[in-house]
Asks: 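Sharing a structure with you now.
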There are 2 protein chains.
Amino acid sequence: MITIKDVAKEAGVSIATVSRVLNNSSKVSEETKRRVLDAINRLGYSPSLIARSLAKKDLKTNVISIVVPFFTRDFFVEVLRGINNVISKSDYSIHLYNVERIEDKERVFSKEVFNRCEGMIIVSLNMQRKEAEFIKEMGKPVVLVDSYYPDFSSVYVDNKKGAYMATKYLITTGRKKIAFVSGAIHDPLGFMASCKRYEGFLEALREAGLEFNPLLHIQTGFSLEKGYRAGKTLLNRSIPFDAVFCTSDIQAIGVMSALVESGLKIPEDIAIIGFDDISDARYLGLSTVRQPMSEMGEVGAKILLDLLMGFDSSYTHLELPLELVIRLTS
Amino acid sequence: MITIKDVAKEAGVSIATVSRVLNNSSKVSEETKRRVLDAINRLGYSPSLIARSLAKKDLKTNVISIVVPFFTRDFFVEVLRGINNVISKSDYSIHLYNVERIEDKERVFSKEVFNRCEGMIIVSLNMQRKEAEFIKEMGKPVVLVDSYYPDFSSVYVDNKKGAYMATKYLITTGRKKIAFVSGAIHDPLGFMASCKRYEGFLEALREAGLEFNPLLHIQTGFSLEKGYRAGKTLLNRSIPFDAVFCTSDIQAIGVMSALVESGLKIPEDIAIIGFDDISDARYLGLSTVRQPMSEMGEVGAKILLDLLMGFDSSYTHLELPLELVIRLTS
DNA sequence: CAGTCATGAGTAAACGTTTACAAAAAATTC
DNA sequence: GAATTTTTTGTAAACGTTTACTCATGACTG
């Protein structure tokens, strides 16, 4: 490793002078500057960021950690995009951690990770009591996106209400037997969205005095194909239904194609409402509950940035609005 | 800021002892250890990573920078996923930089970014001579994914050949008037894929002695909707065509729905082949040129890791195979 | 009971920078 | 041409750790 001393020796000056050239602080004669620059070039020297931060008492890493599950899913990609929009305009850079299994979670919520960053944004993962304690102990600002915990700032939507709105709309327009396609209600990683939406869905039914046949509930993954299969399964069970509410657009689109394939007319025979409002939804005319995905990311990132600036260390809890978007499928 | 000195004073020991407790190296009596731990807790002390690295002469940041354009596009998300798979198993963490505009490129290819990381993976961006010089000067290992430049290790596919294979197949099965839907041929950020695929497409036509009517060429963005519009545009131009080759599946799916909507039969009236083999392609039965997206990411990350271990500092250039997957649309 | 050892804790020198301060050299003034 | 100022350079003390040495202390050996 080549240090500032080597450069100083090579250029025949003191290390202070080299440092001055490096930071072009105060005056250094042109002649000396050239000699130093030459030496730097000859040796291929590059100053140690570590030592520099130490000397400057700038003990910050200028890194923000983003913890996001399955970052290949539309929703997460959009959130990430929002976060990135904001962070990339600041001096911070992004450390990305993908969580797909429980072990990943442990790896991420560790001292090492927290020591390496100034703050953290956690997307969609539900906090366990123990985790929350640990994270609080780390003493770094943390913002939750699409998740809620009293002791951290957060941005989220009211998933229950969103599902309620959609279901209620279906009921209002005369649907009586509504199927429900969701992700896992009890997710091992702790996503709460499906669960909350299930609650909202049931509440709307209950309120209208409608029974729910559990055979009309499919729990499956978030992909076109899984949605398609869910649609097929529903049809195969030959329990009549006149609407489907899905916890994601991607599932809804899959379901829709299964139904269309079977010659059903949408929305005449069966209405469909999704959740998210991904770009395909608009294009396909899918009715859906729009959640501001990239905006959640943006807002979350902004809150974290504020926290890092030391403004206002109290917790912000921000609920962003959901909007029922009725298009052609309901 | 609370330092090791404060802890030492609080616990009534020397800083060396505190350090020993921190690293539980060598022997410290239970009694002292407890006192130190207590003090640490009371003060909420957390050691400075920076100072620690300096003292340990471990001047590494253990960070790998990933530069990726538009990380919301399927292809990039998949590549990222592959990279993440590999990196997350190492001690390195990922710094993510999204490049959407020329300015972003400048921001990313800067001293600051290189100083903050051990190595870099650049996805899909074509190197300019000047950029390459600069990057080489930084002296850190760099791997190109889905891109090629002689002076850097790289993983890529032969886009020209892929397009050639698809087009040739269409010709072999009797198609004579093949439309081409691609991204921008001259992309401002320097994506070469569309351009290369255009070349392969033209070569196959030329070889078969077929003329190409430029009006059958649509340059557009990568989304279902853009694809759909491209399909509509092709139909509106009322120039007969019997096949469409698209530079991405997502465009192909869009085109397909436009054609189906107009009552055309696929593949009887018009054959379609896409590129990528995203999960929807299989599900929809779309014929396509499969490129190993996440594998490219994985391999790229592995190469970088090897480079970082100091194995073999020569350049690796790895071409991964493309595979023509014929399903129902051709 | 002197001599050897093990154990636990302190001292001080690194690590690669920056920067206040001091010193030297050069330029300006009278 | 001495005195003064300005410019340029060097010296050394930080920054917060780790760690090789050293030094007590007390326990064991014969």
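Below, read A as the first sequence line, B as the second, and so on, with proteins coming before strands; counting in each chain starts at 1. Values reported hereafter were calculated over all heavy atoms of this structure, with side chains retained and with hydrogens, waters and symmetry mates removed.
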Asks: The helix from C/dC1-D/dG30 to C/dC30-D/dG1: angle between its terminal axes, five pairs each, to 10°?
Replies: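 Rounded value for the end-axis angle: 50°.
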
Asks: Write down the distance between CG (A/L49) and P (C/dC15), rounded to a whole number of angstrom.
Replies: 19 Å

Asks: Can you name the atoms? Protein N/O to nucleotides 20-28 of chain C N/O, anything below 3.5 Å, with the distance.
Replies:
none

Asks: Report yes if a side-chain nitrogen or oxygen of B/R52 is closer than 4.0 Å to either non-bridging phosphate oxygen (OP1 or OP2) of D/dG16; otherwise report no.
Replies: no

Asks: Does A/E131 have any salt bridge (charged side-chain N to carboxylate O under 4.0 Å, His left out) partners at least two apart in sequence or in another chain, and if so, which?
Replies: A/K105

Asks: Return the 5'-most residue of the pair B/E30, B/A55 with respect to DNA chain C, ranking by each residue's nearest nucleotide.
Replies: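 Whichever sits nearer the 5' end wins; that is B/E30.
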
Asks: Taking side chain to side chain contact (heavy atoms under 4.5 Å, CB included) as the test, write out the residues that go with B/L318, two or more places apart.
Replies: B/V155, B/V299, B/L320

Asks: Name the nucleic acid region contacted by B/S29, choosing base, sugar-phosphate or nothing; use a 4.0 angstrom heavy-atom cut-off, strictly under.
Replies: sugar-phosphate

Asks: Can you list the residues that meet the side chain to side chain contact (heavy atoms under 4.5 Å, CB included) rule with B/T3, with sequence neighbours excluded?
Replies: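 Expected list: B/M1, B/K5, B/D6.
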
Asks: Going by atom types alone, do A/N98 and A/E100 pair a side-chain donor with an acceptor below 3.5 Å?
Replies: yes

Asks: Can you check whether A/T17 has a side-chain N or O nearer than 4.0 Å to OP1 or OP2 of D/dG10?
Replies: yes

Asks: B/E30: what forms a side chain to side chain contact (heavy atoms under 4.5 Å, CB included) with it, not counting sequence neighbours?
Replies: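 By the side chain to side chain contact (heavy atoms under 4.5 Å, CB included) rule, B/E30 matches B/K33.
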
Asks: How would you list, by chain and number, every residue that makes a salt bridge (charged side-chain N to carboxylate O under 4.0 Å, His left out) with A/R52, sequence neighbours excluded?
Replies: none

Asks: Tell me the interatomic distance from B/I15, atom CD1, to D/dT18, atom P, rounded to whole angstroms.
Replies: 9 Å

Asks: Could you note down all residue pairs passing ring pair (Phe, Tyr, Trp, His ring centres under 6.0 Å) where residues 133-154 of chain B supplies at least one of them, sequence neighbours left out?
Replies: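 Passing the test, one end in residues 133-154 of chain B: B/Y148-B/Y156, B/Y148-B/H317, B/Y149-B/F152.
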
Asks: Report the residues that fulfil salt bridge (charged side-chain N to carboxylate O under 4.0 Å, His left out) with B/R20, sequence neighbours left out, ordered by chain and then residue number.
Replies: none

Asks: Sequence neighbours left out, what passes side chain to side chain contact (heavy atoms under 4.5 Å, CB included) with B/S65? Give chain and number order.
Replies: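 With neighbours one apart ignored, the set is B/H95, B/Y97, B/V113, B/C117, B/M120.
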
Asks: In plain terms, say whether B/R35 and B/E31 are close enough for a salt bridge, that is, a side-chain N and a carboxylate O under 4.0 Å apart.
Replies: yes

Asks: Residues from residues 2-9 of chain A sitting under 4.0 Å of DNA chain C, heavy atoms only?
Replies: A/T3, A/I4

Asks: Cut-off 3.5 Å, no hydrogens considered: what does the side-chain donor-acceptor table look like for residues 37-47 of chain A, sequence neighbours left out?
Replies:
residue : atom : partner : partner atom : Å
A/R42   : NE   : A/E10   : OE2          : 2.6
A/R42   : NH2  : A/E10   : OE2          : 3.1

Asks: Given atom NZ of A/K27 and atom P of D/dG10, what is their separation to the nearest angstrom?
Replies: 17 Å

Asks: OP1 or OP2 of C/dA9 versus the side-chain N and O atoms of B/T32: is any pair under 4.0 Å?
Replies: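 Yes, such a contact exists.
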
